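Owing to the predicted nature of the structure, the values given are computational and were not obtained by experimental measurement. What's counted below: heavy atoms across the whole structure, side chains too, no hydrogens, waters or symmetry copies.
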Amino acid sequence: MRKIIGIGALLSLLVLTASGPAKLNHPPIPGENSTERTVAIVLTEEPQSASEIRTVLAKYPDVKLRRIFKHALTGYSVEGPLNKVLGMRQIDIKLVSPVQTYRAAGEENMDLIGGEEVRSIFDSKGRRLTGKGIRIGVIDTGIDYEHPDLHRSYAGGRDLVDGDQDPMETKGAGGTLHGTHVAGIIAANGRITGLAPDARIIAYRALGPGGMGTTEQVLAAIDEAIEDKVDVLNLSLGNDINGPDLPISLALNKAVEKGITAVTSSGNSGPGRWSVGSPGTASKAISVGASTPPLSIPYLVASGSPDKIRLELLQGSKEWKMDRNLQLADAGIGRQKDFRHAEGKVVLIQRGKLTFTQKAKNAYQAGARGVIIYNNTKGRFSGNLEGGLEIPVASITKEEGERLKKVIEQETVTGRIEPKEEKDFLADFSSRGPVTTTWEIKPDVLAPGVAIKSTIPGGYLALQGTSMAAPHVAAACALVKQAHPDWEPAQIKAALMNTALQIKDRDGREYRTFEQGAGRIQSEKAAAAETLVVPGSLQFGRFRFSERMPRHKATIEIQNHGSTVKRYSFSTPKREDGLDWELPLAFELGPGERRKVSIGMTVDPKAFGQKIYDGFLEVNAGGGPIRIPYLYVMEEPDYPRVMGFAFAPADKPGTYRYEVYLPGGADEFGIALFDPEQLRFIGYLDWGRNLKRGLRQKEISQDRLPGEGGYLAKVFVKKAGREDKLETFIYIAPSKEE
């Protein structure tokens with residue numbers, strides 16, 4: 001069975017009754033069966049030869065060797081019955097981990113992060129910082145190396161999907177563009193210019209038609225990149241599993257240990273905390289969240305509404321230009337019959353039942369001048385439009401839409417658009433931390449990831465996502481590497497974090513450290529940094545109730561890369577009841593000197609009751625303070641106990657597979673299926689007891705599933721008396737479609 005990696009995601013379904021969310025009742029879980037076949041990554045303590053591996057596998061005749069990893073991991077991949085694969089755990093094997101799902105994560109932005117100023121800095125050979133001499137690996141959907149803006153930057157690559165040396169983007173059916181867009185942000189050198197236009201791009205095509213691939217292919221790509229000795233590696237892909245120990249994350253850590261600066265997107269599952277996904281959870285990689293570049297944001301000023309309403313343009317929408325007042329009309333959910341009085345007006349439509357594109361097309365055909373879609377669940381949303389549409393389409397929150405609808409029902413409402421310049425806000429979709437079990441701050445930094453124009457096969461397109469933010473940072477790493485060729489990945493990462501700009505929300509409140517990391521990168525300041533504080537962030541672990549007055553320690557190294565003596569001191573963080581700091585005394589470092597110092601934190605649990613405590617520790621370094629983000633959590637923070645559920649047909653006809661991540665394990669686990677209309681319990685898809693932390697994956701024969709059609713699935717975990725759940729919609733196809 002080959003595990004699929006893809007861009008697509010399952011649709012979530014919220015079941016409501018007149019009084020609120022419906023309660024899904026199910027019986028106790030049954031006993032367990034684990035004979036289905038699976039693919040898994042096997043990690044070993046020491047490297048093993050092919051003959052040694054076959055000797056081990058001789059004890060497991062039903063388990064087949066698939067691939068041996070040379071560099072990214074010490075181990076190999078196998079295929080076999082789940083119970084036999086998991087039974088391989090022995091003294092010379094560190095971990096047996098079933099593979100998991102990954103997906104490719106969607107001129108002013110360059111200026112914002114120092115793209116112009118950084119050109120005034122020269123490397124040791126007297127060359128301006130353009131990425132000259134730096135090799136950047138891009139693990140993605142391939143690259144259109146024939147694009148006029150990329151052919152000078154392209155320096156070869158590998159295709160891990162088709163197994164050849166041609167990493168061209170997929171063309172025709174299932175065509176892709178993601179990798180070409182990422183490469184252009186890094187090193188376009190033509191009609192548009194990347195941040196590091198003279199860097200060399202080595203492309204690794206690990207995701208094929210439709211953005212689909214396998215976990216093994218991504219691992220193999222990392223393996224190839226290590227062998228090729230690239231300087232920087234960009235992975236604009238990921239999943240929604242918040243765990244530090246998945247094989248892709250471990251492989252990126254290994255790449256960093258080999259001297260490669262690894263950069264990855266944090267994910268597009270925001271705005272909730274704990275939403276960062278692997279490999280954005282990799283400890284040694286640079287995890288990147290998305291911020292906004294300078295944008296002209298339309299605000300709706302409507303009669304009868306006291307507040308200006310921020311409009312979020314859908315991707316692919318025309319700009320919103322309304323130079324006069326227009327009447328607003330309610331158009332239900334956007335069906336053709338809902339637009340009886342829409343001509344010449346701006347229509348308000350509720351989200352759901354029809355695609356955004358279909359709603360907008362219906363509005364245009366009815367003569368509407370603009371479309372505002374309001375959410376049907378809490379919070380903001382963003383979306384995509386297919387094909388060119390002649391009217392602007394924007395989104396607002398459910399609360400804003402319902403208030404506006406109420407006013408429209410009572411009186412004639414007119415509105416106009418007031419544009420407002422905005423920049424440096426955290427994108428709603430950008431995933432937040434912290435990381436489960438390690439309690440690390442992720443993302444590490446932010447970069448522009450909204451409305452980013454770059455290369456695609458045959459032209460140019462503006463896209464958004466942390467996939468677009470990560471290559472900005474990969475390019476910045478190339479510039480820092482060119483300026484300081486002897487710096488190691490940890491120093492390059494620290495330079496970007498130490499010089500980042502901390503940003504604030506629209507109410508002027510600074511974002512939390514696990515939302516923005518150290519802040520939005522400033523490439524020119526990173527390249528010119530004379531002081532480094534390594535690491536660039538601190539995590540003091542978690543409080544345990546067995547410790548009455550726990551003392552936590554963290555060590556940082558301060559490095560003077562300047563040409564003069566520098567004096568360093570620490571500012572005491574804001575006073576908090578129940579928490580005391582132990583900070584080093586002031587000291588001096590000469591040029592080229594470095595010193596390790598300890599930071600202490602003592603906590604009194606009787607006086608200190610926060611679940612997550614974070615902030616910035618200031619190191620005064622002469623030229624201005626360096627702010628180091630820190631994080632401390634209580635024993636039971638509020639992270640979800642179940643995440644990353646996916647259900648899809650397996651490669652073998654007549655079988656389906658599912659996977660789910662349990663960050664803290666489970667006393668009880670179950671996937672209960674319900675009739676989506678009557679909410680009647682149908683049966684269990686699977687279940688288990690006393691499960692360990694990590695990824696759970698199974699294949700299930702279709703004869704064990706209910707009949708074809710859609711079902712509501714309740715995935716639940718019981719742990720230490722607490723139950724967490726997620727609800728989603730799954731579809732079982734007729735047998736002839738298998």
Side-chain angles (χ1 to χ4, degrees), residues 6-8 103-112 115 138 140-151 153-154 167-195 197 201 203 205 207-211 234 236-237 265 268 288 290-297 312-320 355-357 360-361 382-395 427 429-430 447-472 474-475:
I7 295 175
R103 63 186 72 86
E107 307 294 340
E108 291 177 332
N109 48 300
M110 296 299 180
D111 291 342
L112 182 68
V138 175
D140 214 291
T141 59
I143 179 176
D144 179 8
Y145 46 76
E146 295 174 346
H147 195 290
D149 289 16
L150 292 174
H151 68 86
S153 303
Y154 175 66
M168 173 62 79
E169 285 266 18
T170 302
K171 296 184 177 180
T176 57
L177 53 80
H178 195 270
T180 300
H181 197 276
V182 166
I185 294 171
I186 296 172
N189 196 340
R191 180 177 168 186
I192 65 173
T193 304
L195 184 60
I201 296 290
R205 182 173 176 255
L207 306 180
N234 186 92
S236 287
L237 50 82
S265 51
N268 300 329
V288 186
S291 60
T292 60
L295 297 171
S296 178
I297 303 297
E312 188 85 34
L313 287 179
L314 271 63
Q315 193 163 298
S317 169
K318 291 175 63 71
E319 288 188 31
W320 203 300
T355 66
F356 302 138
T357 302
K361 284 183 177 179
S382 57
N384 301 321
L385 298 172
E386 299 173 5
L389 292 171
E390 297 301 316
I391 56 176
V393 183
S395 69
F429 60 77
S430 187
V450 177
I452 305 301
K453 184 178 181 181
S454 185
T455 49
I456 61 168
Y460 309 86
L461 186 67
L463 297 175
Q464 66 183 29
T466 55
S467 284
M468 285 64 251
H472 284 89

For the atom pair [atom1] ([X]) and [atom2] ([Y]), what is the distance rounded to the nearest 0.5 Å?
| X | Y | atom1 | atom2 | result |
| --- | --- | --- | --- | --- |
| Leu177 | Ile143 | CG | CD1 | 12.5 Å |
| Leu463 | Ser236 | CG | OG | 11.0 Å |
| Asp140 | Asn234 | CG | CG | 7.5 Å |
| Leu461 | His181 | CG | NE2 | 5.5 Å |
| Leu385 | Thr355 | CG | OG1 | 9.0 Å |

* Structure fact -> Residue pairs meeting salt bridge (charged side-chain N to carboxylate O under 4.0 Å, His left out), one or both in residues 168-181, sequence neighbours left out, come to Glu146-Lys171
Taking the side chain as every heavy atom from C-beta outward, state whether [X] and [Y] have any pair of such atoms under 4.5 Å apart.
| X | Y | answer |
| --- | --- | --- |
| Thr170 | Thr141 | no |
| Met468 | Ser454 | no |
| Leu237 | Ser265 | no |
| Trp320 | Val393 | no |
| Ile185 | Ile452 | yes |
| Met168 | Arg205 | no |

Minimum heavy-atom separation for [X] and [Y], please, with both atom names.
| X | Y | value |
| --- | --- | --- |
| Asp144 | Gly458 | OD2-N, 3.8 Å |
| Phe429 | Gly449 | CZ-O, 3.6 Å |
| Asn189 | Ser153 | CB-OG, 4.2 Å |
| Pro293 | Leu112 | CA-CD2, 3.9 Å |
| Ser317 | Pro392 | OG-CA, 3.5 Å |
| Ser430 | Ala290 | OG-N, 2.9 Å |

* To do: Please assess Thr466 against Asn268 for the test side chain to side chain donor-acceptor pair (under 3.5 Å), listing each intermediate value before the final yes or no.
  => CA-CA 6 Å; Thr466 55; Asn268 300 329; 2.8 Å; yes
* Structure fact -> The side-chain contact (heavy atoms from CB on, under 4.5 Å) partners of Ile391 (sequence neighbours excluded) come to Ala363, Tyr364, Val371
* Residues which pass side-chain contact (heavy atoms from CB on, under 4.5 Å) with Ala451, listed by chain and number, not counting sequence neighbours -> Leu295
* Asked: Would Thr455 and Arg191 count as having a side-chain donor-acceptor pair, cut-off 3.5 Å?
  -> no
* Asked: Do His147 and Tyr460 make the cut of ring centroids closer than 6.0 angstrom?
  ->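 Aromatic pair counts; centres sit under 6.0 Å.
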* Please lay out, stage by stage, how Ile186 and Leu195 fare under the test side chain to side chain contact (heavy atoms under 4.5 Å, CB included). => CA-CA 6 Å; Ile186 296 172; Leu195 184 60; over 6 Å; no
* Asked: Can any side-chain N or O of Asp149 pair as donor or acceptor with the backbone N or O of Ile192 at less than 3.5 Å?
  -> yes
* Go through the steps for Leu389 and Lys318 under the test side chain to side chain contact (heavy atoms under 4.5 Å, CB included), then give the verdict. => CA-CA 7 Å; Leu389 292 171; Lys318 291 175 63 71; 6.0 Å; no
* Carefully, step by step, assess Phe356 and Leu314 under the rule side chain to side chain contact (heavy atoms under 4.5 Å, CB included). => CA-CA 9 Å; Phe356 302 138; Leu314 271 63; 3.6 Å; yes
